[in-house]
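Notes for the one structure printed next.
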Amino acid sequence: MTYTSDLLRLLEQRGYIHQMTDAQGLDALAARQIVPGYIGFDATAPSLHIGSLVQIMMLRRLQQAGHKPIVLMGGGTTRIGDPTGRDESRKMLSDQTIEDNIASIRTIFSRLLTFGDGPTDAVMVNNQDWLGQLGYIQLLQEVGTHFTVNRMLSFDSVRLRLEREQPMTFLEFNYMILQGYDFRHLAKDMGVALQMGGSDQWGNIVNGVELTRRMDQKEVFGLTTPLLTTASGAKMGKTAAGAVWLNEDQLPAYDFWQYWRNCDDADVGRFLRLFTDLPLDEIARLEALPGAEINAAKVVLANEVTALCRGADAARTAEATASATFAAGGLGEDLPVLDVPSEGVRLGAACTALGFTASNGEAKRKVVEGAVRLDDAVMDDAGLLINLAPGETRKLAVGKKKIGVLKGI
RNA sequence: GGACAGGUGGCCGAGUGGUUAAAGGCAGCAGACUGUAAAUCUGCCCGCGCAAGCGUACGCUAGUUCGAAUCUAGCCCUGUCCA
């Protein structure tokens, strides 16, 4: 369908739209006024990972299209734990941990959104501020009357857990009510008209839309993004080392860059549209590159995304490192470095210390498999003691992509 | 509170006294082939130790036994049904 609003045209062209509660209504609204729209984020870790990047980019698009992005930090709801898509209850986090996480997560938003007091400036809110005030009786009276248990049981987040015969606590069962209440609160207090989220949030979002209509007779909208998987079907954001974190503290820029550089051919175009600001015709040209030339598009992707999330300098250094390491076969400045003391280090232990292998046992296996190379020579003894003069460097590789530097001190 | 079923390695899932560090599958890693891609084939896949070797592991605890994930008792947790 064709939209009249810049917002929906932009989202549609770049592949953000999966479902909407009322496409026409939202399109009409966005065409005539600034739409304040929000997305909620959990505070379960000190950084979001790239699984959340679609949502963050969607707030960026909202702002680019002349609307107002609102970042909702789930300081309150994180204490409950979203049961959506999981079989087990979340571990309880302390208040302090949640606050620390929120403070840490904030940095990524400040890179991708423009905050301030203007009409289309981004703002960040924390649902602890209003959920924390709520009395139990008051909540039951105001909100509980608008939910039937019959309906709550029918939502995927609940139904799937029950079908799989996994326990769900009453605490978690209440999550959807609170998330629904968030929407209503923001609609009432800040005139928020749109909630966005991943496709797994559809049920929660619809709840909020209906709750707002019932309590305030106000029309608000919901929009979800497609579930983002890689072309090989895996959920996005996992590597050998774990999640691909957006914060520098959790993942070095070089590794972040490499993640994008290593994406499937089939993902390049989609990722460029979703995660970069490049114009669509340029993206179309890049994704059409034949054969091995597609690698150039992957470098562009890695550079653009890294620049957005980590800054232009980080992107340049990462690219230079990759080029020096892979194209020239040398060493780049961004490669991980292991300081080797005068007593030396054993080959296997060095692999583990650099994070290339999970344990000395695994390092040993990799040596046996012929995957470990020192200065490009295949090694066959994990117990080899490596001694280096101060300042001397050697190249250590496990497989083709995990490359680091040993440096004598 | 009662009856029944169940709790195995990252996940799924075999195994009901003895080469069982535990079949098989998925995920992951590596090798070959390539383009730092995909597909395919092959190998690896608890930890510590340079090594000999050692230590942990089948919900928890105590027992039976030369020997237990497998048998016994108690406990914890989950599900289903009944009250």
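Chain A is the first sequence line, chain B the second, and so forth, proteins listed ahead of strands; every chain is numbered from 1. All figures in this text were calculated on a predicted structure; none of them were measured in a lab.
Side-chain atoms of T276(A) come within 3.5 Å of backbone atoms of L272(A) as a donor-acceptor pair (strictly under, hydrogens ignored). Judged by distance alone, the side chain of K68(A) and the main-chain N or O of D121(A) form a donor-acceptor pair under 3.5 Å.
In summary, the aromatic rings of F109(A) and F115(A) are positioned with their centroids too far apart to meet the 6.0 Å limit.
A salt bridge does not link K364(A) to E369(A): none of the charged side-chain nitrogens sits closer than 4.0 Å to a carboxylate oxygen. Residues E362(A) and R365(A) are not paired through a salt bridge, judged by the lack of any N-O separation under 4.0 Å between the basic side chain and the carboxylate.
Looking at heavy-atom distances under 4.0 Å, R261(A) makes contact with a base.
Listed in residue order, the members of residues 286-307 of chain A having a heavy atom less than 4.0 Å from RNA chain B are G291(A), A292(A), I294(A), N295(A), K298(A). For the segment residues 317-352 of chain A, the set of residues with a heavy atom within less than 4.0 Å of an atom of RNA chain B comprises A322(A), F326(A), R346(A), in numerical order.
Among the nucleotides G49(B), G35(B), C29(B), the one closest to any side-chain atom of E362(A) is C29(B). Minimum atom distance to the side chain of E369(A) is reached by G43(B), of the listed A37(B), C48(B), G43(B). Candidate nucleotides G31(B), C48(B), C29(B) were compared by shortest atom distance to the side chain of R373(A), and G31(B) ranks first.
A straight line from CZ of R365(A) to P of C44(B) spans 11 Å, rounded to a whole angstrom.
In this pair, F256(A) and W260(A) present their aromatic rings perpendicular. The plane angle is above 60°, beyond the 30 to 60° band.
When the shell of 6.0 Å around CG of D380(A) is examined, it contains 12 or fewer heavy atoms from other residues, nucleotides or ligands.
Position along RNA chain B of the nearest nucleotide to K400(A) versus K364(A) favours K400(A) as the more 5'-ward residue.
One cannot find a donor-acceptor pair under 3.5 Å joining the base of U36(B) and the side-chain atoms of K402(A).
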